[in-house]
A.B. asks: 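There's a structure below that I have some questions on.
None of these values were measured; they are calculated from a predicted model.
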Amino acid sequence: MLNAFLEGAVGSHRIPTWSHGSARVLADNGVWDTLIRETSLDFVVITNSNMHTSCAYEITQAGGSSGLVLYLSTVLPVMTLFDPRMRRALPRDALEPGTREATDHFSAIGFRYLSDRVCRTVSPYTDPEFDYPLVYFEMLFEWIEGEEMFAPVERLSPWR
């Protein structure tokens, strides 16, 4: 089902001209910035034009960085909270109360939380220039062309 929605959003993986073009425009315009301001989270916007596929927000605590990043996809209505140090999406039930409240807010308006397992699963899409397989995290949250987000041993085979 996820692949069918992706195909509708970016084009078929079978056609080399598939594109994140519309998602990139939404990310560059900070389309979800207003929504996150409706939550009680303290955050810093870290969305940049290299991400292509989401608006990203570093969660702060007591004025300092928590090191955690909340991604709201501009491709499909999905989200995840990612710890770049561990290189993993956090389980939703392990989130701090304030962060959990924010993800509940986004769930209530239609976003779905993607687990680490889904994020690291290989999608049918490949980097068109470098021909490595893209995982769903790269398709939905952060993909820097030419750079693999996860090493091959960290990627999960689809549908196991």
Side-chain angles (χ1 to χ4, degrees), residues 1-10 13 20 23-24 26-27 30-48 50-127 132-144 147-160:
M1 183 67 100
L2 184 56
N3 290 337
F5 285 117
L6 270 174
E7 189 168 314
V10 301
H13 66 278
H20 278 117
R24 183 176 295 153
L26 292 172
V31 71
W32 302 133
D33 292 358
T34 301
L35 289 178
I36 196 165
R37 286 187 185 102
E38 294 173 359
T39 71
S40 61
L41 280 180
D42 291 325
F43 64 91
V44 174
V45 176
I46 59 170
T47 306
N48 66 59
N50 289 327
M51 289 180 181
H52 301 301
T53 54
S54 71
C55 292
Y57 309 93
E58 183 175 10
I59 308 302
T60 58
Q61 299 171 343
S65 171
S66 70
L68 303 177
V69 178
L70 176 64
Y71 287 94
L72 300 175
S73 179
T74 54
V75 180
L76 297 174
V78 295
M79 64 181 152
T80 201
L81 190 70
F82 191 76
D83 184 336
R85 297 165 301 208
M86 293 179 8
R87 305 195 47 74
R88 296 290 183 266
L90 300 179
R92 191 167 186 204
D93 58 0
L95 302 181
E96 296 291 326
T99 307
R100 177 62 188 247
E101 180 183 312
T103 61
D104 288 347
H105 171 75
F106 294 120
S107 290
I109 60 174
F111 281 80
R112 295 296 173 249
Y113 193 87
L114 291 189
S115 69
D116 181 64
R117 183 166 204 61
V118 174
C119 288
R120 291 187 298 121
T121 296
V122 174
S123 79
Y125 292 83
T126 58
D127 182 300
Y132 67 84
L134 298 172
V135 296
Y136 288 109
F137 185 89
E138 292 165 314
M139 289 301 297
L140 297 167
F141 301 117
E142 184 175 350
W143 171 42
I144 299 172
E147 293 183 24
E148 297 179 67
M149 184 69 179
F150 298 98
V153 298
E154 295 177 294
R155 296 180 195 157
L156 302 173
S157 296
W159 323 127
R160 284 210 262 179

A.B. asks: Answer yes or no: is there a side-chain heavy-atom contact under 4.5 Å between Ser107 and Arg92?
C.D. replies: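 A side-chain contact under 4.5 Å exists here.
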A.B. asks: Which atom pair, heavy atoms only, marks the closest approach of Cys55 to Thr47?
C.D. replies: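 It is CA-OG1, 3.2 Å.
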A.B. asks: Given 3.5 Å as the limit, does a donor-acceptor pair link the side chain of Thr60 with the main chain of Asp42, or not?
C.D. replies: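 Looks like yes, one N/O pair under 3.5 Å.
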A.B. asks: Quick one: closest heavy-atom pair of Ser73 and Trp32, and the distance?
C.D. replies: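 Distance-wise, the nearest heavy atoms are O-NE1, 2.8 Å.
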A.B. asks: Could you go step by step and tell me if Thr53 and Tyr71 meet the side-chain contact (heavy atoms from CB on, under 4.5 Å) rule?
C.D. replies: CA-CA 9 Å; Thr53 54; Tyr71 287 94; over 6 Å; no
A.B. asks: Do the side chains of Pro133 and Arg155 get nearer than 4.5 Å, heavy atoms only?
C.D. replies: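 Result yes, sub-4.5 Å side-chain heavy-atom pair found.
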A.B. asks: Rounded to the nearest 0.5 Å, what separation is found between the OH atom of Tyr113 and the OG1 atom of Thr80?
C.D. replies: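 Those atoms lie 4.0 Å apart.
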A.B. asks: Between Met79 and Leu140, does a side-chain contact (heavy atoms from CB on, under 4.5 Å) hold up when you go through it step by step?
C.D. replies: CA-CA 9 Å; Met79 64 181 152; Leu140 297 167; over 6 Å; no
A.B. asks: Using the rule given for side-chain contact (heavy atoms from CB on, under 4.5 Å), can you reason through Phe111 versus Leu35, listing the C-alpha separation, both sets of side-chain angles and the distance that settles it, and then say yes or no?
C.D. replies: CA-CA 12 Å; Phe111 281 80; Leu35 289 178; 4.2 Å; yes
A.B. asks: Supply the atom-to-atom distance Asp104 CG to Thr39 OG1, rounded to the nearest 0.5 angstrom.
C.D. replies: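 Atom-to-atom, Asp104:CG and Thr39:OG1 are 11.5 Å apart.
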A.B. asks: Yes or no on side-chain contact (heavy atoms from CB on, under 4.5 Å) for Leu70 and Phe106, after CA distance, side-chain angles and deciding distance?
C.D. replies: CA-CA 11 Å; Leu70 176 64; Phe106 294 120; 3.9 Å; yes
A.B. asks: Look up atom CD in Glu7 and atom OH in Tyr125, then write down how far apart they are to the nearest 0.5 Å.
C.D. replies: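 OH of Tyr125 is found 5.5 Å from CD of Glu7.
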A.B. asks: For residues Leu81 and Arg100, determine if any side-chain heavy atom of one lies less than 4.5 Å from a side-chain heavy atom of the other.
C.D. replies: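 No, too far: nothing below the 4.5 Å cut-off.
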A.B. asks: Any idea which heavy atoms bring Gly67 and Pro84 closest together, and the distance?
C.D. replies: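 In this case the closest contact between Gly67 and Pro84 is O-CD, 2.9 Å.
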A.B. asks: How long is the span from the CD1 atom in Ile36 to the CZ atom in Phe43, to the nearest 0.5 Å?
C.D. replies: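 With rounding to 0.5 Å, CD1 (Ile36) is 5.0 Å from CZ (Phe43).
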A.B. asks: Quick check for you: to the nearest 0.5 Å, what is the distance between Leu76 atom CG and Met139 atom CE?
C.D. replies: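 Reported to 0.5 Å precision, the distance equals 9.0 Å.
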A.B. asks: Starting at CG of Leu114, measure out to OG1 of Thr121 and round the result to the nearest 0.5 Å.
C.D. replies: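 If we round to the nearest 0.5 Å, Leu114:CG and Thr121:OG1 are 10.0 Å apart.
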A.B. asks: For Ser123 and Leu134, indicate whether the former's side chain and the latter's backbone hold a donor-acceptor pair under 3.5 Å.
C.D. replies: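 Such a contact is found between Ser123 side chain and Leu134 backbone.
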A.B. asks: Going by the side chain to side chain contact (heavy atoms under 4.5 Å, CB included) test, name the single residue among Val122, Leu156, Val118 that passes it with Val135.
C.D. replies: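 Checked Val122, Leu156, Val118 against Val135; only one passes side chain to side chain contact (heavy atoms under 4.5 Å, CB included): Val122.
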A.B. asks: Short question: side chain of Tyr57, backbone of Asp33 - any donor-acceptor pair under 3.5 Å?
C.D. replies: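 Confirmed, Tyr57 side chain pairs with Asp33 backbone.
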A.B. asks: Is there a side-chain contact between Arg120 and Phe137, using heavy atoms and a 4.5 Å cut-off?
C.D. replies: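 With C-beta onward as the side chain, the pair stays apart.
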